[in-house]
Structure formats: C-alpha cells, structure tokens
Colleague: 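One structure, as structure tokens, below. Some questions next.
Lettering follows sequence order; numbering is per chain, from 1. What's counted below: heavy atoms across the whole structure, side chains too, no hydrogens, waters or symmetry copies.
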Amino acid sequence: MNAPFFKFGYFGDEVSLLIAVVIGVLFGFVLERAGFGNGRKLAAQFYFQDLAVFKVMFSAIITAMLGIFYLSWSGLLDISLVYKGTTYLYSQLLGGAFLGVGFILGGYCPGTSIVAMATGRLDAVMFGVGVFLGIFIFGEAYPLFADFMFTGNMGVVTLPELLNISYGLVMLIVIAVAVGGFFGAEYLEKRWAEKHGGSDERQSGETVVEETIEVTIATQTTY
Amino acid sequence: MASDHSPNELYGASAALIRPDTAGAAPYWNPYVSGVLLGLVLLAAYVLMGRGLGASGAFSSVTALAVEKAAPAHAAGNEFYQGYLQNGIGGNPLKSWLVFEVIGVFLGGFLSAALAGRLTGNVAKGPRISVRTRLLFALAGGTMMGIGAKFARGCTSGQGLSGGAVLNVGSWAFMLMVFALAYALAYSFRRLWT
C-alpha cells in the first residue's frame with residue numbers, strides 16, 4: 001500500500017472528484033449528527049453551556065493525528081506527499097481574529113453553514129451569503145494587502161520542528177491538553193445544567209410567546 | 001402550541017446539551033463518537049488524496065467565477081480571483097476538489113437531517129432576539145468569516161481540523177486566535193444566544 005493513493009497515481013482527476021463527493025457526504029453526515037447544523041448549539045460553546053464543538057474538534061484532530069502518524073511510521077503513508085500549508089503567521093492570526101468575531105456573531109463556520117443550509121435554515125443561508133460577500137470584499141481589496149498576506153513567513157513548519165521536540169511528545173501534549181479539556185468541559189456542562197435545571201429561567205412568558213410567533217413566521221418564509 | 005424553540009425542548013431533562021430542536025427528532029450523537037468518526041473521515045481524505053477537508057475554498061471558487069462572469073477584465077487583473085479560476089480540472093473552476101467535497105457536505109447534511117427527522121427549516125437563535133435580528137447578525141458573521149478565512153488561507157475545516165491534525169504551526173496559531181476572540185466577545189454578544 002502506497003498512500004496518499006492519488007499522489008501515487010492510483011486514480012486520476014475525475015475519480016478524485018467522485019471521492020471528494022463521498023468524503024464530503026460523510027463529513028456533512030457526521031457534522032449534522034453531532035448537532036453542528038444548529039448555530040445555537042455551536043454558539044453555546046462560548047457560554048460554557050454545551051462544549052460539543054471543543055469535544056468533537058479535538059477528538060477528530062487526535063484521531064486523525066494518531067492515524068497519520070501511525071500510517072506514516074509503518075511506512076504505508078508517505079507524509080512528505082501530504083499537503084501541509086505554509087505558515088504565514090500574521091495573516092493567519094488576523095484571519096483567526098476575523099473568524100472568531102464571525103463565529104460569535106453568526107454562529108456558524110463555512111462548513112457547518114452548508115450543513116445547516118441543507119436542513120433548511122434561513123439563518124445559515126444568510127450566513128452563506130455573508131461568506132460570499134466577505135470573500136468578494138477580500139478579493140476586491142486584495143491588491144491593498146497582497147504584501148501583508150506573505151508576512152510572518154515561517155515556511156512549512158510543524159509544532160515539533162518549531163519547539164524542537166519529538167513528534168511523539170507533541171502528540172502526547174496535545175492528547176493530555178485535550179483530555180484535560182474534556183474533563184473540564186464535562187464539569188462545566190454539569191455545573192451549567194445544575195444551575196439552570198430543567199427549565200430556562202431567563203425567559204419571561206412574554207418573550208416565549210413573541211418567539212413562538214416569530215418562529216412560525218420564519219418557518220413559513222423558509223418554505 | 002408546538003413551537004420548535006420552546007425552552008423545554010431546547011433545555012430538556014438533563015439540560016446540559018442544546019437538544020435537537022424538533023420534537024420527536026433523533027438525539028444528536030455523542031460528541032466523542034462524532035469526533036472520532038470525523039477524524040476517520042479526515043484521515044481517509046489524507047490517505048486517499050494527500051489533503052485534508054475544507055469548506056471556504058469552495059465559496060472562493062464560486063465567488064471568483066461570479067466575478068469573472070460579471071466583469072471578465074476585472075477578474076483577469078486580480079491575482080486572488082485568478083488563483084481560484086485557474087484551480088479547477090480542465091480549466092473549469094467549479095471542477096475543483098473542494099467544490100465537489102462541499103456538494104457532498106450538503107448532501108450528507110441533508111441525508112442525516114432527513115433520517116433524523118431534523119429537516120426543520122427553523123432559524124437557530126437565542127430566545128431574546130427576533131428572527132430579523134438573527135438574520136442580520138448571521139449575514140454580518142458570515143461576512144467576517146469570509147474575510148477571515150481568506151486572510152487565514154482556510155477556515156475551521158481547512159486550517160483548524162486538517163492543519164491541526166498534521167500539527168501545522170500556522171493552523172494552531174489560527175485556531176487559538178479563533179477561540180480567543182470568540183470567547184472574548186461572547187459576553188458582549190450574549191443577547192444573541194442566551
């Protein structure tokens with residue numbers, strides 16, 4: 001077995017597009033099952049109510065990280081042929097800041113908004129329109145900061161290379177931080193649940209009625 | 001009246017999780033199980049293709065194509081649009097891996113929601129804001145994400161998950177920044193969600 005299969009010419013461009021659809025279907029299916037088609041559930045991450053975003057992301061990263069490492073170590077996967085992006089530190093930090101703002105305002109990221117759109121959510125459609133708009137704004141303004149995009153160039157660099165410690169040790173640290181985070185997340189969720197019990201105390205009866213009407217209207221406009 | 005957003009359904013018996021917002025819908029999967037499965041999908045992408053998952057790149061391809069259709073000369077002179085216009089197989093920007101992957105994401109999300117009884121079409125929002133406010137903030141948030149994903153050369157999927165799994169320095173820096181900003185602003189925007 002020589003992986004990545006595509007890089008070794010096991011199949012061509014057309015088949016790669018078919019694989020893209022299959023991988024995408026699995027990706028979208030799991031995201032929806034995890035509850036990530038619901039912007040409110042995603043945003044609950046930032047209010048310590050429901051930390052599924054953290055749990056799912058870190059479980060996924062650890063799984064893929066260990067899988068890639070093991071396959072590479074056993075000689076099945078040629079890691080040098082795996083795409084790794086160049087680190088442009090400043091533009092990536094700025095981009096991350098924009099994404100953080102976008103996350104708290106919009107509740108989705110581009111991938112989860114696709115899933116939410118598929119379930120018929122109008123807020124996700126608006127979010128998606130926003131993503132197009134944002135990319136258009138970026139594209140139009142691109143000449144202004146074309147140079148900035150390449151500042152902080154650290155080359156293709158991994159955490160073990162940067163910190164000058166072994167790959168295994170970095171993986172161990174990532175896993176330790178994640179597992180610590182998982183326990184913290186369970187504790188925070190339990191605490192929040194105990195505080196709020198079975199009912200949502202923060203709502204007055206009036207807002208619930210108002211909400212019901214609005215949701216009814218929204219449901220009608222969606223279809 | 002069966003409101004899909006009634007608090008008792010959103011905050012059910014154990015109240016810890018935001019519940020599926022439709023009565024009778026299947027429960028969400030355990031997050032750790034979901035995460036491991038997501039990780040295996042990501043691993044499959046690396047093994048088969050030598051690349052990870054993504055999302056914002058597909059939005060970029062469509063945007064670049066739209067600009068080219070509307071103003072060909074303008075798009076021709078822009079390095080950013082050209083990058084995506086020349087990216088597709090056989091010169092077709094839409095025949096790109098990420099565009100097809102995102103079509104799959106849509107289909108997969110639809111399939112999962114249909115099987116779980118979650119094709120609700122509801123607007124996901126906190127109880128204190130109107131649907132109109134939610135839609136405006138969704139548009140604003142999406143716009144910020146679009147800009148940010150281009151500065152960062154990827155979004156939560158491409159940088160966060162895919163770059164994170166190969167321990168890419170820029171991806172981890174990016175991800176820390178995303179969460180730092182979102183947490184820093186959460187209190188100011190609590191009306192939107194809580």
Colleague: So for A:L159, is it side chain, backbone, both, or neither that comes closer than 4.5 Å to the heavy atoms of chain B?
Modeller: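 Both parts, backbone and side chain.
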
Colleague: Which atom names give the shortest non-hydrogen contact between B:I147 and A:G134, and what distance separates them?
Modeller: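 Smallest heavy-atom distance, with atoms named: CG1-O, 3.4 Å.
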
Colleague: Is a salt bridge present between A:K55 and A:E189, judged by a nitrogen-to-oxygen distance below 4.0 Å?
Modeller: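 Here A:K55 pairs with A:E189 in a salt bridge, since their nearest N and O are under 4.0 Å apart.
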
Colleague: Please look at A:L93 and chain B and tell me whether the side chain, the backbone, both or neither of the residue comes under 4.5 angstrom of a heavy atom of that chain.
Modeller: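 A:L93 touches chain B through backbone and side-chain heavy atoms alike.
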
Colleague: Checking B:F174 against chain A: side chain, backbone, both or neither under 4.5 Å from a heavy atom?
Modeller: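 Looking at B:F174, backbone and side chain both touch chain A.
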
Colleague: Which bit of A:E161 comes within less than 4.5 Å of chain B, counting heavy atoms only: side chain, backbone, both or neither?
Modeller: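 For A:E161, there is no contact with chain B at all, as no heavy atom is under 4.5 Å.
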
Colleague: So for A:L17, is it side chain, backbone, both, or neither that comes closer than 4.5 Å to the heavy atoms of chain B?
Modeller: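 For A:L17, backbone and side chain are both near chain B.
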
Colleague: Based on non-hydrogen pairs under 4.5 Å, which of B:L161, B:L37, B:L176 is most in contact with chain A?
Modeller: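 Greatest number of close heavy-atom pairs with chain A: B:L161.
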
Colleague: If I measure from the heavy atoms of chain A, does B:L192 come under 4.5 Å with its side chain, its backbone, both, or neither?
Modeller: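 Interface part for B:L192: side chain.
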
Colleague: What's the spacing between A:M65 CE and B:L42 CG if we round to 0.5 Å?
Modeller: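 The CG atom of B:L42 is 11.5 Å from CE of A:M65, to the nearest 0.5 Å.
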
Colleague: Tell me, side chain or backbone of B:V67 under 4.5 Å from chain A's heavy atoms, or both, or neither?
Modeller: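 Side chain only.
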
Colleague: For chain A, find which of B:A138, B:A55, B:A149 contributes the most heavy-atom pairs closer than 4.5 angstrom.
Modeller: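 The answer is B:A138.
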
Colleague: Considering non-hydrogen atoms only, spot the tightest contact between A:P4 and A:V82 and give its length.
Modeller: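 Looks like CG-CG2, 4.1 Å.
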
Colleague: Is it the backbone or the side chain of A:V53 that comes under 4.5 Å from a heavy atom of chain B, or both, or neither?
Modeller: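 Contact with chain B: side chain only.
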
Colleague: With a 4.5 angstrom heavy-atom cut-off, could you sort out which part of A:F36 is near chain B: side chain, backbone, both or neither?
Modeller: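 Nothing of A:F36, per the 4.5 Å heavy-atom cut-off to chain B.
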
Colleague: What pair of heavy atoms forms the shortest contact from A:M149 to A:S91, and how long is it?
Modeller: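 So the two residues come closest at O-OG, 3.4 Å.
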
Colleague: Heavy-atom cut-off 4.5 Å, strictly under: side chain, backbone, both or neither for B:L53 against chain A?
Modeller: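 The answer is the side chain of B:L53.
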
Colleague: If I measure from the heavy atoms of chain A, does B:S162 come under 4.5 Å with its side chain, its backbone, both, or neither?
Modeller: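 Contact with chain A is absent: no heavy atom of B:S162 under 4.5 Å.
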
Colleague: Kindly state whether the ring of B:F151 and the ring of A:F145 have centres lying under 6.0 angstrom apart.
Modeller: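 Here the rings of A:F145 and B:F151 have centres that are less than 6.0 Å from each other.
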
Colleague: What's the shortest heavy-atom distance between A:A3 and B:V47, and which atoms?
Modeller: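 Nearest pair, atom of A:A3 first, then B:V47: CB-O, 3.6 Å.
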
Colleague: Considering only heavy atoms and a distance below 4.5 Å, find which of A:Y90, A:F48, A:F148, A:F54 pairs most often with chain B.
Modeller: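 Looking at each of A:Y90, A:F48, A:F148, A:F54 in turn, A:F48 comes out on top.
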
Colleague: Given a strict heavy-atom distance threshold of 4.5 Å, which part of B:L40 is in contact with chain A: side chain, backbone, both, or neither?
Modeller: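 Backbone plus side chain of B:L40, per the 4.5 Å heavy-atom cut-off to chain A.
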
Colleague: Which pair of heavy atoms, one from A:Y108 and one from A:D123, lies closest together, and at what distance?
Modeller: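 Taking every non-hydrogen atom into account, OH-OD2, 2.9 Å.
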
Colleague: Counting only heavy atoms closer than 4.5 Å, note whether A:F11 contacts chain B via side chain, backbone, both or neither.
Modeller: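 Contact with chain B is through the side chain of A:F11 alone.
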
Colleague: Could you look at B:L115 and say if it's the side chain, the backbone, both or neither that has a heavy atom under 4.5 Å from chain A?
Modeller: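 For B:L115, the contact with chain A is made by backbone and side chain together.
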
Colleague: Please classify the contact between A:I23 and chain B as side chain, backbone, both or neither, with a heavy-atom cut-off of under 4.5 Å.
Modeller: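 Looking at A:I23, backbone and side chain both touch chain B.
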
Colleague: Heavy-atom distance under 4.5 Å to chain A: side chain of B:R190, backbone, both or neither?
Modeller: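 Its backbone and side chain both get close to chain A.
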
Colleague: Considering only heavy atoms, which portion of A:I68 lies under 4.5 Å from any heavy atom of chain B: side chain, backbone, both, or neither?
Modeller: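 Contact with chain B is through both the backbone and side chain of A:I68.
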
Colleague: Given heavy-atom pairs under 4.5 angstrom as the criterion, report whether the side chain, backbone, both or neither of B:W97 touches chain A.
Modeller: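 Backbone plus side chain of B:W97, per the 4.5 Å heavy-atom cut-off to chain A.
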
Colleague: Under 4.5 Å heavy-atom distance to chain B, tell me which part of A:V156 shows up: side chain, backbone, both or neither.
Modeller: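 It is neither, since no heavy atom gets under 4.5 Å.
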
Colleague: How about A:F46 and A:F103: are their ring centres within less than 6.0 Å of each other?
Modeller: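 Centroid distance A:F46-A:F103: below 6.0 Å, so yes.
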
Colleague: Side chain, backbone, both or neither: which part of A:L71 has an atom under 4.5 Å from a heavy atom of chain B?
Modeller: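 Interface part for A:L71: side chain.
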
Colleague: Which heavy atom in B:Y28 sits nearest to a heavy atom in A:K41, and how many Å separate them?
Modeller: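 The pair with the smallest heavy-atom distance is CE1-CD, 3.6 Å.
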
Colleague: Chain A heavy atoms under 4.5 Å from B:N168: which part of the residue, side chain, backbone, both or neither?
Modeller: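 Interface part for B:N168: both.
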
Colleague: Mind ranking B:R132, B:K95, B:M175 by heavy-atom pairs under 4.5 Å with chain A and telling me who comes out on top?
Modeller: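 Highest number of heavy-atom pairs under 4.5 Å: B:K95.
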
Colleague: Quick check on A:F27 against chain B: is it the side chain, the backbone, both or neither that has a heavy atom closer than 4.5 Å?
Modeller: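 Backbone plus side chain of A:F27, per the 4.5 Å heavy-atom cut-off to chain B.
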
Colleague: For A:Y10, which atoms come within 4.5 Å of any heavy atom of chain B: side chain, backbone, both, or neither?
Modeller: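 Neither part, no heavy atoms under 4.5 Å.
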
Colleague: In terms of heavy-atom pairs under 4.5 Å with chain A, which of B:Y187, B:F179, B:Y81 leads?
Modeller: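 Top count of heavy-atom pairs under 4.5 Å with chain A: B:Y81.
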
Colleague: Counting only heavy atoms closer than 4.5 Å, note whether A:S113 contacts chain B via side chain, backbone, both or neither.
Modeller: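 It is the side chain, since no backbone atom gets that close.
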
Colleague: Can we call the ring centroids of A:F182 and A:F58 under 6.0 Å apart?
Modeller: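 That pair fails the under 6.0 Å test.
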
Colleague: Please check if any side-chain donor atom of A:T119 sits under 3.5 Å from a side-chain acceptor atom of B:R118, or the reverse.
Modeller: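 Note: A:T119 and B:R118 side chains miss the donor-acceptor criterion.
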
